[in-house]
Q: 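Got a structure for you, written out below as structure tokens; questions coming shortly.
Quick note on labels: first sequence line is chain A, next is B, and so on, each numbered from 1.
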Amino acid sequence: MHFKIDHTDTETSARTGVLKTDHGPIETPVFMPVGTVASVKGIHQRDLINDIHARIILGNTYHLFLRPGMDIMKKAGGLHAFMAWDKPILTDSGGYQIFSLAENRKLNAEGAEFRSHIDGSKHFFTPENVIDIQRTLGSDIMMALDECTPYPSEYKLAKTSMELTHSWLDKGLKHLKNTASLYGHHQFYFPIVQGSTYNDLRKISAAYVAEKNCEGNAIGGLSVGEPTEDMYEMLEVVNGILPIDKPRYLMGVGTPANILEAIALGTDMFDCVMPTRNGRNGMLFTSEGIINIRNEKWKDDFTLIDENGHSFVDRTYSKAYLRHLFVSKEMLGPQIGSLHNLAFYLWLVDEARRKIQEGLFKDWKKEMVLKLSTRI
RNA sequence: GGGGGGAUACCAAAGUGGCCAACUGGGGCAGACUGUAAAUCUGCUGGCGAACGCCUUCGUAGGUUCGAAUCCUGCUCCCCCCA
């Protein structure tokens, strides 16, 4: 068994655990910084490890396949070696690009035909070849190819889309058995639940996925524009069906409040571009609330970025200085913003883990959710 | 001393009788961002007002005209060339 739950909350469905990979253990709940093209934008690997203690990061099959390409990846000896990162990596399969690059692709039962957003070249992604690509990348957790159903979707379309994802899952699982890791470490394969915002579809999908008995399971197609309440409702339905003893990964979520609520509903793993993208654009999640560091009111505020923050940037630079960097369009500004936000996210999820273990999670979560949505 | 060109909002710059409170950039102010085609995108930026709108503006003082940033005259200032 690769996943071990070490604590279960009595008041909520939250739990803590450890997922063991050949690149090290992942304590859950966990937030995974997004490093789409073999880089968590603006952040050194050294800072991810030494400063903010990231345990696992993401890469992306579609993006890395197009550039630098699999020839380079083979020569490099896989993504870990290529990017000098020897901790766990999860690679998304390209399912999200089916959603976000919808104008550039066509779907059928076999897979997805993509037109490269870089040079217009055509590529065909299948449930099978995205496994091959992820074998070449050597990620610790490979994701199944899915269709991330857009919101809103009519019931019939959502059902068809879900069924496509299921059929791709079966093909992927069949192919998985005929492949092996190229670099001597074990690679998990996570299937993905779809079903849009329809209760019964989510139940069907969760049951379908659960039955495959994979080492972990993912929930996709959420945080794509639906009301937050709908997301929580779907999560509750799905987590009620997914095996309790396997990690549950909510893909692409979300705001700090979203993550805490999802933890309370029994979710273990999260990734989101929000800390890096928003941090790069001047929006900071701090222990006191959300701030837009570009705002004029910070121009002569020489207090630390976040005196309760957990990155060296929080204890080194003032708000006034960081605002100056943003206003002056200095690249250090977005770098500091990104690192700060990542540190906040990682702290938040670590703190949730501690509170669960201390039996204090529910009240703490309530307090935090309120604080986290405050703009200051 | 002679000749020529110019003065538009915070800056630069378009506009040369009505469609002009005035294009566009920059700057400024604010907002968005959820498995990253994003270090990106959007809105506002004379005053008052939520808005219809009203009021004051294109160096300055007059004038022509139903109507002037735009045409005419005086003045002030700036730039270029010749002496």
Side-chain angles (χ1 to χ4, degrees), chain A residues 31-43 56-64 66-67 89-105 114-120 130 139 141-151 165 190-194 218-228 231 235 249-259 261-262 267 269-285 290-299 323 325-339 341 345 375:
Chain A
F31 180 79
M32 308 180 282
V34 179
T36 306
V37 294
S39 165
V40 176
K41 292 186 190 297
I43 308 295
I56 171 171
I57 60 174
L58 259 68
N60 183 278
T61 298
Y62 168 83
H63 287 283
L64 292 170
L66 291 184
R67 195 165 56 193
I89 294 175
L90 179 151
T91 45
D92 190 23
S93 60
Y96 188 76
Q97 281 62 46
I98 290 176
F99 163 78
S100 67
L101 304 176
E103 320 84 81
N104 295 347
R105 55 73 174 162
F114 276 100
R115 201 169 270 284
S116 161
H117 70 280
I118 298 166
D119 62 6
V130 298
S139 50
I141 303 174
M142 305 185 287
M143 298 304 301
L145 187 66
D146 69 329
E147 183 190 8
C148 179
T149 311
Y151 178 87
T165 292
F190 283 17
I192 303 170
V193 174
Q194 288 290 338
I219 304 146
L222 292 175
S223 68
V224 288
E226 78 284 2
T228 312
M231 175 167 78
L235 207 48
Y249 164 32
L250 176 55
M251 306 184 77
V253 173
T255 66
N258 289 161
I259 289 174
E261 296 294 358
T267 319
M269 303 169 67
F270 304 90
D271 78 283
C272 191
V273 303
M274 190 170 274
T276 42
R277 181 183 289 169
N278 289 29
R280 207 158 58 234
N281 293 327
M283 178 178 170
L284 271 50
F285 299 94
I290 296 168
I291 72 176
N292 182 343
I293 198 64
R294 296 191 320 261
N295 287 174
E296 189 177 19
K297 63 181 172 187
W298 308 117
K299 72 178 174 188
R323 172 182 139 88
L325 294 178
F326 270 97
V327 168
S328 306
K329 297 179 167 59
E330 281 294 320
M331 66 167 92
L332 186 57
Q335 289 171 355
I336 292 172
S338 299
L339 191 55
N341 276 350
Y345 266 67
R375 294 190 72 98

Q: With heavy atoms under 4.0 Å as the rule, sort Leu58(A) into base, sugar-phosphate or nothing.
A: sugar-phosphate

Q: Under 6.0 Å between the ring centres of Tyr62(A) and His117(A)?
A: yes

Q: Counting only Watson-Crick pairs (N1-N3 plus N6-O4 or O6-N4) and G-U wobbles (N1-O2, O6-N3), all under 3.5 Å, who is the partner of rC71(B)?
A: rG63(B)

Q: Take atom C1' in rG53(B) and the same atom in rG4(B), then report the distance between them in whole Å.
A: 46 Å

Q: For rG1(B), what is the paired nucleotide under Watson-Crick or G-U wobble rules, both distances under 3.5 Å?
A: rC82(B)

Q: For rC75(B) versus rA22(B), give the span between their C1' atoms, rounded off to a whole number of Å.
A: 27 Å

Q: Would you say Arg115(A)'s side chain and Gly120(A)'s backbone share a donor-acceptor pair under 3.5 angstrom?
A: yes

Q: For Arg67(A), report the nucleic acid contact type (base, sugar-phosphate, nothing); a contact means any heavy atom under 4.0 Å.
A: nothing

Q: Under a 3.5 Å cut-off for both contacts, is rA37(B) paired Watson-Crick or G-U wobble with anything, and if yes, with which nucleotide?
A: none

Q: Applying side-chain contact (heavy atoms from CB on, under 4.5 Å) between Met283(A) and each of Ile293(A), Asn278(A), Asn341(A), report the one that passes.
A: Asn278(A)

Q: Would you check if Arg67(A) and Val37(A) make a side-chain contact, meaning some heavy-atom pair closer than 4.5 Å?
A: no

Q: Taking heavy atoms of chain A and a 4.0 Å limit, find me the 5'-most and 3'-most nucleotide of RNA chain B within that range.
A: rG27(B) to rU40(B)

Q: Which base, if any, makes a Watson-Crick or G-U wobble pair with rU76(B), both distances under 3.5 Å?
A: rA7(B)

Q: Classify the nucleic acid contact of Gly221(A) as base, sugar-phosphate or nothing, counting any heavy atom under 4.0 Å across all strands shown.
A: base

Q: Using both distances under 3.5 Å as the test, list the Watson-Crick or G-U wobble partner of rA13(B), or none.
A: none

Q: If I pick the P atom on rG25(B) and the same atom on rU60(B), what distance separates them, to the nearest angstrom?
A: 27 Å

Q: Scan Tyr249(A), Tyr345(A), Phe285(A) and name whichever one has a ring-ring contact (aromatic ring centres under 6.0 Å, His included) with Phe31(A).
A: Tyr345(A)

Q: Need one value for Met283(A): base, sugar-phosphate or nothing, where a base atom within 4.0 Å counts as base even if backbone is also close, heavy atoms only.
A: base

Q: Going by the side-chain contact (heavy atoms from CB on, under 4.5 Å) test, name the single residue among Thr36(A), Thr61(A), Asn60(A), Leu66(A) that passes it with Gln97(A).
A: Asn60(A)

Q: Expressed in whole Å, how much space separates the P atoms belonging to rG18(B) and rA69(B)?
A: 10 Å

Q: Just call it for Val224(A): base, sugar-phosphate, or nothing, with non-hydrogen atoms closer than 4.0 Å on any strand.
A: nothing

Q: When all nucleic acid strands are considered with a 4.0 Å heavy-atom cut-off, which category describes Thr276(A): base, sugar-phosphate, or nothing?
A: base

Q: Using a 4.0 Å heavy-atom cut-off, does Arg105(A) contact any base of the nucleic acid, only the sugar-phosphate backbone, or nothing at all?
A: nothing

Q: Assign each of Pro334(A) and Asp271(A) to its nearest nucleotide of RNA chain B by heavy atoms, then name whichever residue's nucleotide is nearer the 5' end.
A: Asp271(A)

Q: NA contact type, Gln194(A), heavy-atom cut-off 4.0 Å: base, sugar-phosphate, or nothing?
A: base

Q: At under 4.0 Å between heavy atoms, what does Asn60(A) touch on the DNA or RNA strands: base, sugar-phosphate, or nothing?
A: sugar-phosphate

Q: If we take the C1' atom in both rC11(B) and rG74(B), what is their distance in whole Å?
A: 31 Å

Q: Rounding to an integer number of angstrom, what distance separates rU42(B) and rG26(B) when you compare their P atoms?
A: 11 Å

Q: Do the side chain of Ser93(A) and the main chain of Ala144(A) share a donor and acceptor less than 3.5 angstrom apart?
A: yes

Q: Give me the distance, rounded to whole Å, that separates rC81(B) from rC29(B) when you measure between the P atoms they each carry.
A: 40 Å

Q: Taking Glu226(A) for its side chain and Val224(A) for its backbone only, find out whether a donor-acceptor pair lies under 3.5 Å.
A: yes

Q: Reckon Glu103(A) touches a base, only the sugar-phosphate, or nothing at all at heavy-atom distances under 4.0 Å?
A: base

Q: Which part of the nucleic acid, if any, lies within contact of Asn295(A), taking any heavy atom under 4.0 Å across all strands shown: a base, the sugar-phosphate backbone alone, or nothing?
A: sugar-phosphate

Q: On RNA chain B, compare the nucleotides closest to Val40(A) and Glu296(A); which residue's is nearer the 5' end?
A: Glu296(A)

Q: P atom, rA61(B) versus rA68(B): distance in rounded Å?
A: 16 Å

Q: Where the side chain of Thr165(A) meets the backbone of Glu147(A), is there a donor-acceptor pair that is under 3.5 Å apart?
A: yes

